[in-house]
Amino acid sequence: MRNSEIAQLLGTIASLLELKGENRFKQIAYADAARQIENWPIPVEDLWKDGRLRKIPGVGEGIAKKIAEYLETERCGFLEELKEEIPLELLELEKVPGVGPKLALMLYQELGICSISALEESVRGGQLRSLPRLGQKSEQNILRGIETLYKQSGRIPLGVAMPVAEGIVAQLRNTCALQEIQVCGSLRRWKETIGDLDLLVSAMDAEPVMKAFITMPEVAQILGVGPTKSTILTSSRLQIDLRVVPPDSWGAALQYFTGSQAHNVHLRELAIRQRMKLNEYGLFSMEDNQKLAGETEEGIYQTLGLEWVPPELREDQGEVEAAQKKCLPRLVELKDIRGDLHTHTEWSDGRDSLAEIARAAERMGYQYLVISDHAQALGVANGLTWERFLQQRSELRSLEFGSGFQVLWGVEANILNEGRLDFPLDSFVTFDLVLAGIHSGLSQTRIQITQRVARALSSGRVDILAHPTGRLIGKRNPFEIEIGEVMATARSVGAALEINTSPERLDLKDIDARTARDKFGLKLALGTDAHSTKSLETMRYGVALARRAWLEPRDVLNTFTLRELCDWIVRRRAQNNPLISR
DNA sequence: GCCGTTTTCGGCCCGACTGTTTTCAGTCG
């Protein structure tokens with residue numbers, strides 16, 4: 001799938017057009033198309049072959065031609081021409097916070113600057129002051145921006161940001177008088193990583209809230225303070241924006257600050273078409289400027305003729321159209337989850353005992369828990385031999401639980417070279433549930449890894465493919481794998497794909513999980529991959545990811561009752577080997 | 001360059017904050 005590559009091409013064109021000072025709307029058109037394609041679930045090559053490129057919103061005659069040219073010839077003449085005029089390096093300059101397209105272009109034209117190091121040099125040399133409207137404060141701003149850029153390790157994983165946000169919300173709620181406080185932005189949409197943290201407060205008087213905010217012990221630097229909006233940097237270099245609005249604008253502000261930008265733009269366009277205007281203070285009539293909604297988010301959506309859209313869906317990926325037709329999905333919720341399908345104990349590399357993790361799952365109100373310790377080929381994780389697995393089963397059978405709870409005896413097998421597994425294939429039917437995943441040979445070629453996984457799945461012995469792409473967010477790229485091919489194989493043997501809910505992994509990612517369901521009709525299995533009882537709580541990140549993938553309860557294996565789950569396993573196994581029955 | 005529940009032409013989301021300035025352009029989200 002080359003969607004990202006094509007999105008990047010169009011995005012570069014958009015940026016260069018912006019630098020060049022081209023018609024703003026032309027530039028926006030390229031940026032819109034890029035964003036649509038980045039998140040488009042179907043390979044753009046397929047659409048191109050079928051002559052349906054213009055099915056993508058934002059792709060018209062001109063952009064379709066450029067995509068076609070690129071797919072045919074691996075180059076884009078228009079981009080080449082632009083690069084002749086504007087050096088590509090200028091895009092680097094724009095990454096410095098505080099440097100936008102206008103300044104970047106001026107720096108290049110007036111001072112010949114086209115790299116961050118050259119920028120830093122000329123600021124320190126005082127050359128910047130020769131330019132109009134740039135003084136001492138601007139110099140400081142730019143130096144600070146460069147420093148931020150150097151220190152920034154990129155976006156912050158959801159699993160890191162969420163607990164921090166929850167702590168700060170609790171703190172502010174206790175220290176000052178406010179009516180409501182809510183995390184907004186990409187964190188409320190549960191994106192896998194976030195750029196900064198957006199907090200929204202409703203209060204009659206903003207001043208004490210602002211004061212409490214900028215004097216929190218976490219504050220390392222105050223980047224801006226206004227009467228209704230302030231920005232700080234924590235000592236862990238997390239940027240936090242706080243906005244205070246009056247209570248009667250709460251809903252409008254909540255909607256506005258949750259985004260995404262694309263979703264908001266879509267809503268405001270919808271408003272204009274209905275002779276209304278939407279901003280963070282409310283929804284207004286264009287005729288008499290009368291306020292039509294604003295106290296609640298539901299009111300905003302309703303007045304626009306839409307169903308309320310859950311934050312996880314607000315990416316302008318079809319949710320606005322679905323909300324218009326009142327056919328948004330009934331998204332899976334944490335309370336639908338009846339069990340965890342992937343956990344480890346001290347038998348392999350987990351921290352807690354079988355009994356401890358099982359009792360923790362029981363306390364969470366689950367109906368079942370799958371213990372899935374590593375198998376022998378994963379030596380570093382103390383993988384179990386066949387004999388030790390049998391001993392583990394004895395221990396498991398000796399434990400007693402309440403009548404509504406059961407532990408399933410599973411395994412996380414290793415997909416070895418050529419797609420073999422740790423034990424002879426027939427032995428796997430002994431386990432209640434078989435997960436398998438790749439833990440070695442991560443740098444194999446795309447063809448090798450794809451075939452390896454396809455062979456393992458084709459054995460019919462794997463119920464769930466664990467962490468299908470092997471990525472560690474911000475640390476390790478997914479391995480090269482043709483995920484569409486893997487999904488097709490999974491469908492042919494009725495296997496499910498895991499959504500590994502560990503916030504380090506979140507694998508499959510949202511867009512792939514949506515494809516797995518939409519295009520291949522696959523079931524998804526949420527597994528925390530917990531190596532301690534505490535990590536069982538990461539299920540909420542996986543549920544959020546499933547919601548971002550538009551999944552309904554019936555798409556998620558964990559929503560099944562124990563009976564339904566066992567039936568699914570038996571049916572799946574019988575389909576692949578009619579002789580096997582339990 | 002895209003697009004249509006007023007339009008195939010004429011629109012295209014909206015506001016806060018900053019800096020250097022006397023009224024606003026640039027940046028950001």
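Quick note on labels: first sequence line is chain A, next is B, and so on, each numbered from 1. All values derive from a computational prediction rather than experimental measurement.
- The pair A/R24-A/E18 does not count as a salt bridge, with every side-chain nitrogen at least 4.0 angstrom from each carboxylate oxygen.
- Side-chain atoms of A/I272 lie closest to B/dC14 of the nucleotides B/dG15, B/dC14, B/dG1.
- Of the inter-residue distances, the one linking A/I181 atom CD1 with A/Q171 atom CD reads 9.5 Å to the nearest 0.5 angstrom.
- Here the side chain of A/D241 is nearest to one of B/dA16, B/dC12, B/dG29, namely B/dG29.
- Using a 4.0 Å cut-off between a side-chain N of Lys or Arg and a carboxylate O of Asp or Glu, A/E552 and A/R514 do not qualify as a salt bridge.
- Across B/dT6, B/dT20, B/dT18, the shortest atom-to-atom separation from the side chain of A/N141 is found for B/dT18.
- When heavy atoms are screened at a 4.0 angstrom cut-off, A/Q274 is found touching no nucleic acid atom at all.
- Nucleic acid contact class of A/R275 (heavy atoms, under 4.0 Å, all strands): base.
- Using C1' as the reference atom, B/dT8 and B/dC2 are 12 Å apart when rounded to the nearest Å.
- Atom-to-atom, CD of A/Q324 to C1' of B/dG4 comes out at 14 Å; the value is rounded to the nearest Å.
- For the pair A/L267 CG and B/dC14 P, the computed distance is 12 Å after rounding to whole Å.
- A salt bridge does not link A/R189 to A/E319: none of the charged nitrogens lies less than 4.0 Å from a carboxylate oxygen.
- For A/K137, the side-chain atoms get nearest to B/dT20 when compared with the rest of B/dT20, B/dC12, B/dG15.
- With P as the reference atom, B/dT20 and B/dG26 are 15 Å apart, rounded to whole Å.
- Using a 4.0 Å heavy-atom criterion, one finds that A/N23 contacts the bases of the nucleic acid, with or without backbone contacts as well.
- The separation of B/dC12 from B/dC17, taken at their P atoms, amounts to 25 Å, rounded to a whole angstrom.
- By the 4.0 Å N-to-carboxylate-O rule, A/K66 lies too far from A/E69 to be salt-bridged with it.
- Listed in residue order, the members of residues 57-69 of chain A having a heavy atom less than 4.0 Å from DNA chain B are A/P57, A/G58, A/V59, A/G60, A/E61, A/G62, A/I63, A/K66.
- Checking B/dG15, B/dG19, B/dG1 against every side-chain atom of A/Y281, the shortest atom distance belongs to B/dG15.
- With P as the reference atom, B/dT6 and B/dG1 are 28 Å apart, rounded to whole Å.
- Comparing B/dC14, B/dA16, B/dG1 by their closest approach to the side chain of A/K277 singles out B/dC14.
- At a threshold of 4.0 Å, the pair A/D529-A/R505 counts as salt-bridged, since one of the basic side-chain nitrogens sits closer than that to a carboxylate oxygen.
- As judged by a 4.0 angstrom heavy-atom cut-off over every strand, A/P227 is placed among residues touching the sugar-phosphate backbone only.
- Considering only side-chain atoms of A/L103, the nucleotide from B/dC12, B/dA16, B/dT27 that sits closest is B/dT27.
- At a threshold of 4.0 angstrom between heavy atoms, the contacts of A/R24 with the nucleic acid are absent.
- The listed nucleotides are B/dG26, B/dG1, B/dG29; the one nearest the side chain of A/D198 is B/dG29.
- The side chain of A/S138 lies closest to B/dT20 when the candidates are B/dT20, B/dA16, B/dT5.
- Residue contacts shown for A/L278 are limited to sugar-phosphate atoms, with no base heavy atom under 4.0 Å away.
- Between A/R471 and A/D507 there is no salt bridge, since no side-chain N of the basic residue sits under 4.0 Å from a carboxylate O of the acidic one.
- Between A/L283 and A/A271 the shortest heavy-atom distance is CD1-CB, 4.1 Å.
- One can place CG of A/L197 at 19 Å from P of B/dC28, the figure rounded to the nearest angstrom.
- For A/P97, counting side-chain heavy atoms from C-beta on, the closest listed nucleotide (B/dA16, B/dC28, B/dC2) is B/dC28.
- If you check every strand for non-hydrogen atoms under 4.0 Å, A/F257 touches nothing.
- Looking at heavy-atom distances under 4.0 Å, A/Q136 makes contact with sugar-phosphate atoms alone, never a base.
- The separation between A/L283 atom CG and B/dG15 atom C1' is 16 Å, rounded to whole Å.
- Nucleic acid contact class of A/Q261 (heavy atoms, under 4.0 Å, all strands): base.
- Between A/R2 and A/E38, none of the side-chain N atoms (NZ, or NE/NH1/NH2) sits under 4.0 Å from a carboxylate O, so this pair counts as no salt bridge.
- Among A/E312, A/E315, A/E192, the one residue that satisfies the salt bridge (Lys or Arg N to Asp or Glu O under 4.0 Å) test with A/R548 is A/E315.
- Between A/T231 and B/dC28 there is no side-chain polar atom (N or O) within less than 4.0 angstrom of OP1 or OP2.
- Atom C1' of nucleotide B/dC3 and atom NZ of A/K55 are separated by 15 Å, given to the nearest angstrom.
- Here the P atom of nucleotide B/dC12 and the CD atom of A/E22 are 19 Å apart, to the nearest Å.
- In a base pair of the Watson-Crick type (N1 to N3 plus N6-O4 or O6-N4) or a G-U wobble (N1-O2 and O6-N3), with each distance short of 3.5 Å, B/dC12 is matched with B/dG1.
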